[in-house]
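All remarks here apply to the structure that follows.
This chain uses plain numbering: 1 for the first residue, then up along the sequence.
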Amino acid sequence: WVSPIFRNKWIHNWRGQPSASYHGYWITDFTDVDPHFGTKADFKRLVDAAHARGMKVYLDIVVNHTADVIRYRECPHAPCAYRSEAEYPYDRKGGVDGPPINQGFLGDDAAHQTDANFARLVSPDYAYTPYIPAGEAHIKKPDWLNDVRLYHNRGDMADADQQETKTHGDFGGLDDVMTENPRVVRGFIAVYERWIADFGVDGFRIDTERHVDPAFWRAFCPAILKFARAHGKPNFYIFGEVADPDPAMLARHTRVDKLPAVLDFAFQAAALDAIGGKTGTTRLARLFDADPDYVGGAAGAMQMATFIGNHDMGRFPDLLRARSPNMSRDELLKRTVLADALLLFSRGAPIIYYGQEQGLYGGGGDNEARQTMFPSQVAAYQAETPLGATRPGAPGYNEQAPIYRAIAEMTTLRNAHPGLRRGVQVVALTRHKPGLYVFTRTDPKDGQYLIALNTSTEPQVAYAPVDIGRTGWTSLHGACAPRSAAPGSLRVEVPALGYIVCRAAS
């Protein structure tokens with residue numbers, strides 16, 4: 001999964017502060033590669049080289065907004081406050097008491113998202129008076145993106161509203177696209193189909209998915225999946241970013257928006273709480289108890305994109321350190337490996353953020369979690385000593401790093417045992433305080449596996465329920481009891497901050 005590679009507006013001034021476009025979502029040209037990355041030919045070589053190695057490449061995409069180009073006459077040099085449809089309806093200029101405009105426009109709800117209706121939305125001056133500065137009239141590509149009538153033009157979204165669904169404000173001052181308009185729907189489908197046809201990408205991660213009109217996704221996703229299948233990609237993977245730790249909110253976007261999968265922020269939050277020792281392991285059980293809420297139930301939850309740290313919130317070790325500043329580096333290392341075990345053996349499609357395997361931890365927040373793995377010119381990165389390392393500096397691609405070795409062992413087990421990837425997951429044992437978390441993965445062809453994690457700093461012993469028909473057990477990691485203590489019961493003994501993986505012989 002690569003950063004947004006599209007051409008960006010490199011510097012953006014928002015609320016009086018300049019910032020570099022390090023997220024890659026300040027796009028001016030959706031059809032070309034930003035020179036910071038190289039050229040289209042370079043990207044094609046990258047995708048082809050990945051495919052030659054059995055790897056797939058996912059693009060990070062955005063449709064909610066573009067780079068900040070549009071200005072408002074009322075506040076050309078400062079952010080404009082958000083103006084809602086109720087106070088500033090589409091059919092009045094400058095508020096409910098203003099003169100009529102856009103007569104005959106019936107609104108932007110799903111029932112009225114037709115070309116004929118949006119043809120009546122002639123004036124964009126309902127909330128503010130938008131304009132494009134001199135010299136930037138055709139800065140965006142495709143050219144239809146330069147039409148100000150295809151944006152909401154309602155001012156800046158408040159910070160608190162950035163966690164809400166379907167807002168019409170500018171996200172971080174970026175131009176908010178009117179995704180209700182069928183012209184926009186067709187336009188973005190065509191844009192992203194080209195990246196499949198021309199470069200052979202294998203999936204999309206969708207930024208700010210929750211801020212886009214749900215009807216847009218109900219048209220976009222089926223069209224993209226159909227196009228991908230026609231181009232030899234029957235398993236094209238689409239997952240959206242819904243930055244919310246509530247599984248009910250995540251499930252909503254699989255049911256209402258019909259998204260195939262979303263980033264599992266609920267998993268990340270529960271992992272941080274439980275593996276970090278803040279809560280008992282029942283926290284994880286409650287997370288997975290919500291799996292029936294997703295479209296397809298537990299089978300749908302299997303497609304959730306799970307992670308423990310990323311480019312938006314920071315790296316897992318630093319998130320742990322922020323909660324427990326006095327935690328030793330050795331404990332940080334062990335808890336990070338334990339979180340990786342939860343990530344790689346639980347249900348879902350696990351994501352490992354680059355450098356996670358090298359023990360990078362950054363200084364907190366989204367902009368500090370982007371270290372290079374080659375020598376950096378940033379003093380803070382030069383001074384960082386990765387977990388498991390003995391001296392500061394970039395780790396490069398150290399295949400002997402302790403977290404690298406741990407993840408390599410886990411992924412080897414996943415590859416060798418299909419049940420650890422796609423077996424039905426059942427929570428077997430939890431604790432109301434830090435301690436054991438035990439679950440099973442069962443596949444009709446591959447048998448049953450038991451995974452036990454210990455979030456306590458003391459060894460733990462218990463009897464965990466397993467299928468009654470399972471008898472002999474073998475160890476895949478750690479020490480496993482060779483046989484059931486009684487029908488349906490297996491004794492588990494897990495070292496402090498450790499884990500075991502066991503497989504039933506029959």
Spacing of CZ belonging to F239 relative to CG belonging to L263, to within rounding of 0.5 Å | 5.5 Å
Heavy-atom side-chain proximity of L250 to Y294 below 4.5 angstrom = yes
Looking at I189, L150, V212, which one forms a side chain to side chain contact (heavy atoms under 4.5 Å, CB included) with V184?
-> L150
Heavy atoms, side chains only, cut-off 4.5 Å: are H253 and W217 in contact?
-> no
Is there a donor-acceptor pair closer than 3.5 Å between any side-chain N or O of R83 and the backbone N or O of Y88?
-> no
Close side-chain approach of R321 to M327, heavy-atom, < 4.5 Å = no
Is it the case that Y25 and D60 place a side-chain donor and acceptor less than 3.5 Å from each other?
-> yes
Verdict with reasoning, R441 to D446, per salt bridge (charged side-chain N to carboxylate O under 4.0 Å, His left out) = CA-CA 10 Å; R441 302 290 303 269; D446 193 39; over 6 Å; no
Where does the angle between the aromatic ring planes of F204 and F236 fall among parallel (under 30°), tilted (30 to 60°) and perpendicular (over 60°)?
-> perpendicular
If we only count heavy atoms from C-beta on, is the P350 to I352 side-chain gap below 4.5 Å?
-> no
D366-H23 side chain donor-acceptor pair, cut-off 3.5 Å = yes
Identified side chain to side chain contact (heavy atoms under 4.5 Å, CB included) counterpart of P386 within the set P395, P402, P317 | P395
Stepwise salt bridge (charged side-chain N to carboxylate O under 4.0 Å, His left out) test for R315 and D318 = CA-CA 6 Å; R315 299 184 180 277; D318 189 61; over 6 Å; no
If only atom types and distance count, is the side chain of T281 paired as donor or acceptor with the main-chain N or O of L436 below 3.5 Å?
-> yes
Rounding to 0.5 Å, atoms CD (E241) and CG (N64) come to a distance of 10.0 Å
How many angstroms lie between atom CD1 of I500 and atom OG of S475, to the nearest 0.5 angstrom?
-> 7.5 Å
Indicate the ring-plane relationship of Y192 and F220, choosing parallel, tilted or perpendicular according to the 30° and 60° boundaries.
-> perpendicular
Are R154 and Y82 close enough that a side-chain donor and a side-chain acceptor fall under 3.5 Å?
-> no
Distance col, row N181:CG vs T114:OG1, nearest 0.5 angstrom, shows 9.5 Å
Taking side chain as C-beta onward, heavy atoms only, is T455 less than 4.5 Å from I275?
-> yes
Hey, can you tell me if F188 and F216 have their rings parallel, tilted or perpendicular (30° and 60° cut-offs)?
-> perpendicular
R347 side chain reached by D264 side chain, heavy atoms, under 4.5 Å | yes
D207 vs R205, salt bridge (charged side-chain N to carboxylate O under 4.0 Å, His left out): CA-CA, chis, key distance, verdict | CA-CA 7 Å; D207 181 66; R205 179 267 191 188; 3.2 Å; yes
Is there side-chain contact between F288 and F439, with at least one heavy-atom pair below 4.5 Å?
-> no
Modelled atom types, side-chain donor and acceptor of N454 and Q460, under 3.5 Å = no
Counting N and O atoms only, with roles assigned by atom type, does the side chain of R370 sit under 3.5 Å from a partner on the main chain of Y22, one being a donor and the other an acceptor?
-> yes
Measure the shortest side-chain to side-chain distance between V242 and F265 over non-hydrogen atoms and say whether it is less than 4.5 angstrom.
-> no
Atom CZ of R255 with >12 non-hydrogen neighbours under 6.0 angstrom | yes
With a 3.5 Å cut-off and no angle check, do the side chains of Q113 and D213 form a donor-acceptor pair?
-> yes
Indicate the atoms forming the closest heavy-atom contact of A305 with I351, along with that distance.
-> CB-CD1, 3.7 Å
Under 3.5 Å: donor-acceptor pair, side chain of H12, backbone of G172 = yes
Just say parallel, tilted or perpendicular for the rings of W195 and F6, cut-offs at 30° and 60°.
-> perpendicular
Is the H152 ring parallel, tilted or perpendicular to the H168 ring (thresholds 30°, 60°)?
-> parallel
Are the aromatic rings of F307 and W1 close, with centres under 6.0 Å apart?
-> no
Chi angles and distances behind the salt bridge (charged side-chain N to carboxylate O under 4.0 Å, His left out) call for D443, R422 | CA-CA 7 Å; D443 181 84; R422 57 181 70 130; 5.9 Å; no
Side chain of R405, backbone of E399: donor and acceptor closer than 3.5 Å?
-> yes
From K433 atom NZ to T282 atom OG1, the distance as rounded to the nearest 0.5 Å = 12.5 Å
Over 12 foreign heavy atoms within 6.0 Å of CZ, F199 | yes
When the ring centroid of Y404 is compared with that of Y397, is the distance short of 6.0 Å?
-> no
